[in-house]
Amino acid sequence: MAHYLVTGGCGFIGSHLADRLIGDGHRVTILDDMSTGRLENKPLLAKLVVGDVADPDAVHQAIQGVDGVFHLAAVASVQRSRELWAETHRTNLSGTVTVFEAARSARNGTPVPVVYASSAAVYGDNTATPLREDAATRPLSAYGVDKLGCELHANVAWAIHGVPTTGFRFFNVYGPRQDPSSPYSGVISIFARRVAQGEDVTIFGDGEQVRDFVFVGDVVRFLVKAMERRPQGAEVFNLCTGRPTSLLMLLEVLQELCASRVRRLHQPARAGDIRVSIGDPARLRATFGEGCRFGLLQGLSATLTGEMPR
Ligand code: NAD
Ligand code: UD2
C-alpha cells in the first residue's frame, strides 16, 4: 500500500483516479481548491486538503510523507485562460512548479515521483496527422503555453533537482462526471446530455472537424501504470487512441445509443478551432505495452449511464 497525493482530485479526471487508487488499497490525499471540483466526487476514504496548488504552504502540508504525486489540478478551460490570463497562469504553471519544488523533499527530505497532466494543446496549430511527441509545439493559447511550460520545468525538476516525472499530453478526454454545464465544456458531455434529453445540438462549423476522444478509464489506467513503472527522467507521452472521430460521427453514435434524433443547429466555426487533432499512440504503446482499451461505443454508453465499466 502506498500513499499518494492527487492534486485536483475532486475534478473530473482526478476523482476517477482517486477512486481507482482507493480501490487498489492505497492511501489518498487530495489537494483541491474546489473551484471546479465537487465534494460529491471525493471518495469517502480520501483525505481532502482544501487549498491552492500555487500556495507553497498548502502543497507542503499536503505532500508530506507521500510516495508519489499525481498532479491534475489546473484551470482546464482554454477559454478561461483567455479571460483570466495571469490568474490561470498562476495555477497552471506556478502551481506545477510549486508541486515539483515540494516533491524535491517530500519523503524524509528525498524526492518523490510526479505524474502530471499536460495537453494536446501544446501542439497548437501544428497540422501534422497523427501528432507524434517530437512534432513541433506551437501552442496558441495561454493554456497551451503553460502546459508546455510544465513540461520544460519537468526537465529542470529532473536534471537539477532529481525529481522524476511522467507527463501525459491528454487529447480530448470524456466520460462520466464531466461537467456539461458551460458552453466551453467538452463536446461529448454537452452532446450526450442534449441527445439524451432530445434537445437540439449546436455544431460550430460543418461538423467534419475530427478529434481523438479518449475515455477517462483509459486515462486513469495509464496514470497508474506510469506511477507503478516509476517515472524515469522527464518523459512525455501522448495519451490518445490514434482514432479519428468527426463531430457528425459522434452525433450519429449518440443518437443510436439514445434511440433519439435531434436537430443540428450550425453556427460559424469557433475562432482558432483546430480542424484535425489526432495523436500518435506509438510511444505510449511501446512503453506501456498496450494502448487505449475503450472504444467510442463503450465509452459513450458509460458516459450516458454514468456507470464506470470495469
Ligand atoms: P476539472 O476542472 O474537472 O479538474 C481540475 C481540478 O483542479 C478541479 O477539481 C479544480 O477544483 C482543481 N483546481 C483548479 N485550480 C486549482 C488550484 N489553484 N488549486 C487546487 N486545485 C485546483 O478538469 P479535468 O478535465 O479533470 O482536468 C484534469 C487535468 O487534465 C487538468 O490538468 C487539465 O488541464 C488536463 N487536461 C484535461 C483535458 C480534458 O479533455 N478534460 C485535456 C487535456 C488536459
Ligand atoms: C480540447 C480541450 C482543450 C484543449 C484542446 C487541445 C476540452 C473541453 N477542451 O479543445 O482544453 O486541450 O482540446 O487542442 O476538452 N463543439 C461544437 N458544439 C459544442 C461544443 C463543441 O460543435 O456544443 C465543437 C468545437 O468547436 C470543436 C469540437 O466540438 O470543434 C471539440 O470541442 P471541445 O470544446 O470539446 O474541445 P477542443 O478540441 O476544442
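Order of listing sets the numbers, starting from 1, for every ligand and every atom in it. Every value quoted in this text rests on a predicted model; they were computed, and no experiment measured them.
With a 4.0 Å heavy-atom cut-off, ligand 2 is reached by the side chain of F191 but not by its N, CA, C or O. The part of A76 lying near ligand 2 is the backbone, judged by heavy-atom distances below 4.0 Å. Contacts with ligand 2 closer than 4.0 Å are made by no heavy atom of V173, backbone or side chain. Residue-level proximity to ligand 2 for A121 is carried by backbone and side chain together, each with a heavy atom below 4.0 angstrom. Heavy atoms of V201 found under 4.0 angstrom from ligand 2: none, in either backbone or side chain.
Of the N or O atoms in Q178, none lie within a sub-3.5 Å distance of an N or O in ligand 2.
Ring-centre distance between F288 and F237: below the 6.0 Å cut-off.
Under the 4.0 angstrom criterion, atom 35 (O) of ligand 2 counts as having a protein heavy-atom contact.
Around atom 10 (O) of ligand 2, the closest heavy atom drawn from V78, V122, N172 belongs to N172. Among F213, F12, F204, the residue whose heavy atom sits closest to atom 17 (C) of ligand 2 is F204. Of the candidates Q79, R211, Q267, R80, it is R211 that places a heavy atom closest to atom 38 (O) of ligand 2. Looking at V75, V187, I203 and measuring to atom 21 (C) of ligand 2, the nearest heavy atom belongs to V187.
Listed by chain and number, G8, C10, G11, F12, I13, D32, D33, M34, S35, T36, G37, G51, D52, V53, L72, A73, A74, A76, T91, A117, S118, S119, Y143, K147, F170, F171, N172, V173 each place a non-hydrogen atom less than 4.0 angstrom from ligand 1.
No side-chain N or O of S141 forms a donor-acceptor pair with one of R82 less than 3.5 Å apart.
Close contacts of ligand 2 with G186, meaning ligand atoms under 4.0 Å from a residue heavy atom, involve 8 (C), 35 (O).
Using a 4.5 Å cut-off on side-chain heavy atoms (C-beta onward), K147 and E151 make no contact.
For R194, the CZ atom is densely surrounded, since the number of other residues' heavy atoms within 6.0 Å is greater than 12.
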